[in-house]
Each structure stands twice: as C-alpha cells, then as structure tokens.
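To start, the structure under review is shown below, and the notes come after it.
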Amino acid sequence: MENIRLDITKTLSFLGENVISTYLPEAMSALKAVEDGSRPGNDFLGWVHLPSTISSELINDIKATAEVLRQNCEVIVVAGIGGSYLGSRAVIEALGNGFQWLINDDKNPTILFAGNNIGEDYLAELSDYLKNKTFGIINISKSGTTTETALAFRLLRRQCEEQRGKEMARKVIVAITDAQKGAARKCADQEGYKSFVIPNNVGGRFSVLTPVGLLPIACAGYDIEQLLAGAATMEEATGSNVPADENISLQYAIVRNALHQELGKKIEILANFQPKLHFIAEWWKQLYGESEGKDLKGIFPASVDFTTDLHSMGQWIQDGERSIFETVISVEKSKYKVLFPNDEENLDGLNFLAGKRVDEVNKMAELGTQLAHVDGGVPNIRLIVPEINEFYLGQLIYFFEKACGISGYILGVNPFNQPGVEAYKKNMFALLNKPGYEAESAEIQKRLSASK
C-alpha cells in the first residue's frame, strides 16, 4: 500500500525554495532528540516506537476483551477526557457510518462517550438513554480522580450494577489506568474488573495506539492490527535515517515553524472536505495545543469542516487578518459513489453537473478553495490520504505525533509536558471548598469581593 503524502508547494511562494535546507539542521537535531531522548520530556517518549514494538499478546488480549464486551453489550460507554477519549472517537467517527447512532443492526454495539464534560443535562439524558439497555463501561483514567471522568464513572457504574447486577457489571466494566497506583487502579482491583495499563512513558494525547484507544476502537468492530500496521509504516518512514525530502513529518514540522517564525503566522487551521474527519481535527487540536502552548509560545491550532464552514468562516479566512495558514487533509477516494442528478426544470441551474460524481464536485470545491485562499495570502499545506481506512488513519495519527515532537523542540518548548492544565482545577476545587484548598479558597473569595 502507498503512504500518505505531503504537498508543501503552496507555501514555497511565501517562504522561498530553500526553507527546508535552512531549517534542516535544527529540525534534524529535534528529530534525533525525539528518537534518542536527549532533551526535556524524554520520560514521555514511549509512543515513538510503540507501533513496531507492541506485543501480539497485548493485541490479542485487547481483541478478546473487546469481544466479551461486544457479545454482552448493546451500548459501550467510554468514560474519559482529553487524550483518554479523543483519539478513539476520532478513529471510530472516521470509520463509521455518519448515521450510526440511528442504526440498530445488531452487528456492532453503539459506542458513546462520557466523562468529558460536567454537563448535568448531558449526564441525565445519557442515563435516560441507557435505561433498559445492556451496556458496559470502559473507564479510562490514570489517576481515577479527574473530576469529569470520576463523576461519570460513579453514575454509570451505579446504573450498570442496578440494571445488570454486580456479577455482570464486573464482566462488562473495564478499567484502563495506572499499573499500580491511583483510585481507578484500586477500584479495579477491589471489584475484579478486567484492566489494562496506561504506559507511564506515554502522555494522554499520544495514547491512541495504546489500550486507551485500541480497546474502544476494537469494540466498535474495527481492525486495530491494520491501524497499528499503518502507524508502523509511518514510524519507519519518518525516522532520522530517512532523507529529508522523503520525511513528511520533518517537512511538516519545518514548514509550520518557518511560517510562524519568518512570517508571523500564529494560527494554523486544519481543514478537511470530508465530514468524517471532524474528530480527527479535535484530536489534532489537543495534540498540538497541549504540546506547544506553553512558555508564552505556540501556534494556535484551529479547525474547520469544509465546505460547511466556508459559509461561516470562509470570509474571515479569505479576507481577515493575515495571521493564518492552512493545512488541508485531502482524501483521494471516497467509500461510496453518488451521481449528481438531472432535474427537468433545472430551477437551481445545476444541470451542468448532472452525471458527475458528488466527490468530483467536492474535489473541485477543494481545489477552488485552495487557489482562492493562496491568492488571498494564506499559505496552504496539503496532506493527501489515499482513502479512509484503519491503515491510513494509523499513518495519519503517527505522522502528526512525530511531527508534533519535532515541531515542539524547534519551537523551543518541552512538547511532552502540560504544566498549565492544573490551574483551572485548583480554582474549581477552591470554589467548591474541597478539603485541603482552604488557603486557595480564601484568596479567591478576596479576589471576587474586590471585583464587585
């Protein structure tokens, strides 16, 4: 099978033909650091060689556990937040029927997601939907104390036990957590839940190719071995021994940093013309936002779904502040074939399209958008994916992960920590009077009183 490809030609008119060679020494040093662990963050590089080293025993265990859940559940709820759910949801949504939630064909369980918000109505409506459903839970949390996920798991666990009994609940609740410590590990051991380990050297946003992502994807009925095979080919294709003109992760990291440093492009918009890729963009936003947004640095990651968002964001992209560049995921082959119909009255004037494939119209919309945006001063990177399947999604995931590590080091940050994510939690716990936060609570009350 061929690999995904990168086209940077629509950036070179902005940056110049020598951009790769100019940034290559710095980028190669960054790539080497990702592979040999010689820079800060080296304790979170377990994802780098994961696709080629994951054991067949672990894969078989994941598949067997997924089969138990599939045989015993109409619905499987994945409880997790951030990297604990975005990767699996991205793959499942990309591979699935866009109307899967309306289909009840008994071939695959419905996969739902919880624990990623504190929405009271959302939780109430989920609970109501699950009434009289045979459902199971995949609880994904390293600590077991993350508020959003812990709340959802409390509610779901109680409902599962009440509806299915404690013995069946033990069979259909799976924990993916720390190997030894934390509330989720203690609960799993006490209750006898099947469990998998989140590797200590893999951060959440890089965890989709661990049990964190693989178990939900297998439960949905998709081929995790092909997903890993695609990632393994991209691992090989983006190594430090690969020539720069063939290493697409290296090129992507160079070009996005050059656009930022040379031209002040501080916003990257990830665009697609295939609605199935919406959650790939959501996963990508966390990957790059959490990896690069620190030390008052970072390219801001945004996303749009075209052509839909051309009718809402298109004007700003075309004529707004020139602080942006675009990366477009372009899918070459669609799964189905639909022809544009002929209409006798032709009131909409579109009969000139009659007989053409809808995908051809979409491709011309993509090309026309690229030309317009480049003419409007928006550099354009194009990532070509032959088709949407497990193999190419595995390639896409690893491509972005590898490029993210390289890019973060070029930017001058540690791409594998996230020191800023705890700030809101500290304030929230203080406002809720959590024990141990008395001093923070008093300080916040002073600030609130002063602002009145």
Side-chain angles (χ1 to χ4, degrees), residues 4 62-63 65-81 83-116 122 125-126 129-130 133-138 140 174 176 207-209 211-231 270 272-286 303 305-306 308 329-338 358-359 362 385-398 400:
I4 61 176
I62 292 170
K63 290 168 66 177
T65 303
E67 193 55 32
V68 170
L69 291 169
R70 286 170 57 81
Q71 293 298 323
N72 289 280
C73 301
E74 298 170 84
V75 178
I76 299 169
V77 185
V78 179
I81 195 168
S84 295
Y85 94 102
L86 280 170
S88 61
R89 186 165 191 178
V91 174
I92 290 168
E93 297 274 353
L95 294 173
N97 187 304
F99 300 92
Q100 188 67 41
W101 57 284
L102 292 173
I103 297 171
N104 185 18
D105 57 8
D106 296 324
K107 291 179 182 178
N108 295 295
T110 299
I111 309 296
L112 299 177
F113 297 88
N116 51 66
Y122 182 90
E125 289 162 2
L126 174 63
Y129 170 81
L130 293 172
K133 296 282 195 309
T134 57
F135 76 93
I137 309 163
I138 301 174
I140 307 174
V174 178
I176 304 178
S207 68
V208 61
L209 299 175
V212 168
L214 296 178
L215 180 60
I217 292 165
C219 285
Y222 301 117
D223 190 338
I224 60 172
E225 288 174 290
Q226 276 296 297
L227 187 76
L228 288 163
L270 187 70
N272 71 81
F273 285 77
Q274 169 52 270
K276 290 179 180 293
L277 298 180
H278 173 82
F279 273 95
I280 290 289
E282 295 300 305
W283 168 80
W284 171 87
K285 283 193 289 190
Q286 188 208 0
S303 65
D305 298 319
F306 289 157
T308 303
I329 303 177
S330 179
V331 181
E332 287 187 309
K333 182 182 177 184
S334 60
K335 184 176 180 180
Y336 302 106
K337 182 178 180 180
V338 178
V358 170
D359 191 55
N362 195 38
V385 179
E387 61 183 296
I388 297 176
N389 60 25
E390 291 94 334
F391 184 83
Y392 289 122
L393 287 174
Q395 287 199 341
L396 187 66
I397 287 165
Y398 191 87
F400 276 132

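Without hydrogens or angle criteria, Gln395 side chain to Ile4 main chain gives a donor-acceptor distance under 3.5 Å. Panel note: side chain Ser303, backbone Leu270; no donor-acceptor pair is recorded below 3.5 Å. When atom types are taken as modelled, the side chain of Lys276 and the backbone of Gly96 share a donor-acceptor pair closer than 3.5 angstrom. At distances below 3.5 Å, not a single donor-acceptor pair connects side-chain atoms of Glu390 with backbone N or O atoms of Tyr222. At least one donor-acceptor pair closer than 3.5 Å links the side chain of Asn72 to the backbone N or O of Val68.
For the pair Leu112 and Tyr129, the minimum side-chain heavy-atom distance is below 4.5 Å. A heavy-atom distance below 4.5 Å is not found between the side chains of Ile329 and Gln274. Side-chain contact between Trp283 and Ile397: present, with at least one pair of heavy atoms (C-beta onward) separated by less than 4.5 Å. A heavy-atom distance below 4.5 Å is found between the side chains of Leu69 and Ile138. In this structure, Ile76 and Cys73 have side chains that are in contact, with non-hydrogen atoms separated by less than 4.5 Å. Looking at heavy atoms from C-beta onward, Val77 lies out of side-chain contact with Ile111 at the 4.5 angstrom threshold. Put simply, the side chain of Leu396 reaches to within 4.5 Å of the side chain of Val385, judged on heavy atoms.
Remark: Glu282 pairs with Lys285 by the salt bridge (charged side-chain N to carboxylate O under 4.0 Å, His left out) rule, at least two apart or across chains. Not counting sequence neighbours, Glu387 has no partner by the salt bridge (charged side-chain N to carboxylate O under 4.0 Å, His left out) test.
The line from CG of Asp223 to NZ of Lys63 is 7.0 Å long, rounded to the nearest 0.5 Å. Between atom CG of residue Leu393 and atom CD of residue Gln226 there is a gap of 11.5 Å, rounded to the nearest 0.5 Å. Asp359 CG to Ser334 OG: the interatomic distance, rounded to the nearest 0.5 Å, is 4.0 Å. Arg89 CZ to Phe279 CZ: the interatomic distance, rounded to the nearest 0.5 Å, is 3.5 Å. Taken to the nearest 0.5 Å, the OG1 atom of Thr134 stands 3.5 Å off from the CD atom of Glu74. With rounding to the nearest 0.5 angstrom, the CZ atom of Phe113 is 8.5 Å from the OH atom of Tyr85.
Here the closest non-hydrogen pair linking Leu277 and Ala94 is CD2-CB, 4.3 Å. Scanning both residues, Ile140 and Ser84, for their nearest heavy atoms gives CD1-O, 3.3 Å. Looking at every heavy atom in both residues, Pro211 comes nearest to Pro216 through O-CD, 3.8 Å. Summarising the geometry of Ser207 relative to Val212, their closest heavy-atom pair is OG-CG1, 3.4 Å, with the distance given to 0.1 Å. In terms of heavy atoms, Pro275 sits closest to Asn272 at N-OD1, 4.0 Å. Annotation for Gly115 and Ile81: closest pair O-CB, 3.4 Å, computed over non-hydrogen atoms.
The only option from Ile224, Val174, Ile217 that meets the side-chain contact (heavy atoms from CB on, under 4.5 Å) definition with Ile62 turns out to be Ile224.
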Decide yes or no on side-chain contact (heavy atoms from CB on, under 4.5 Å) for Arg70 and Asn108, but give the supporting numbers first. CA-CA 7 Å; Arg70 286 170 57 81; Asn108 295 295; 2.7 Å; yes

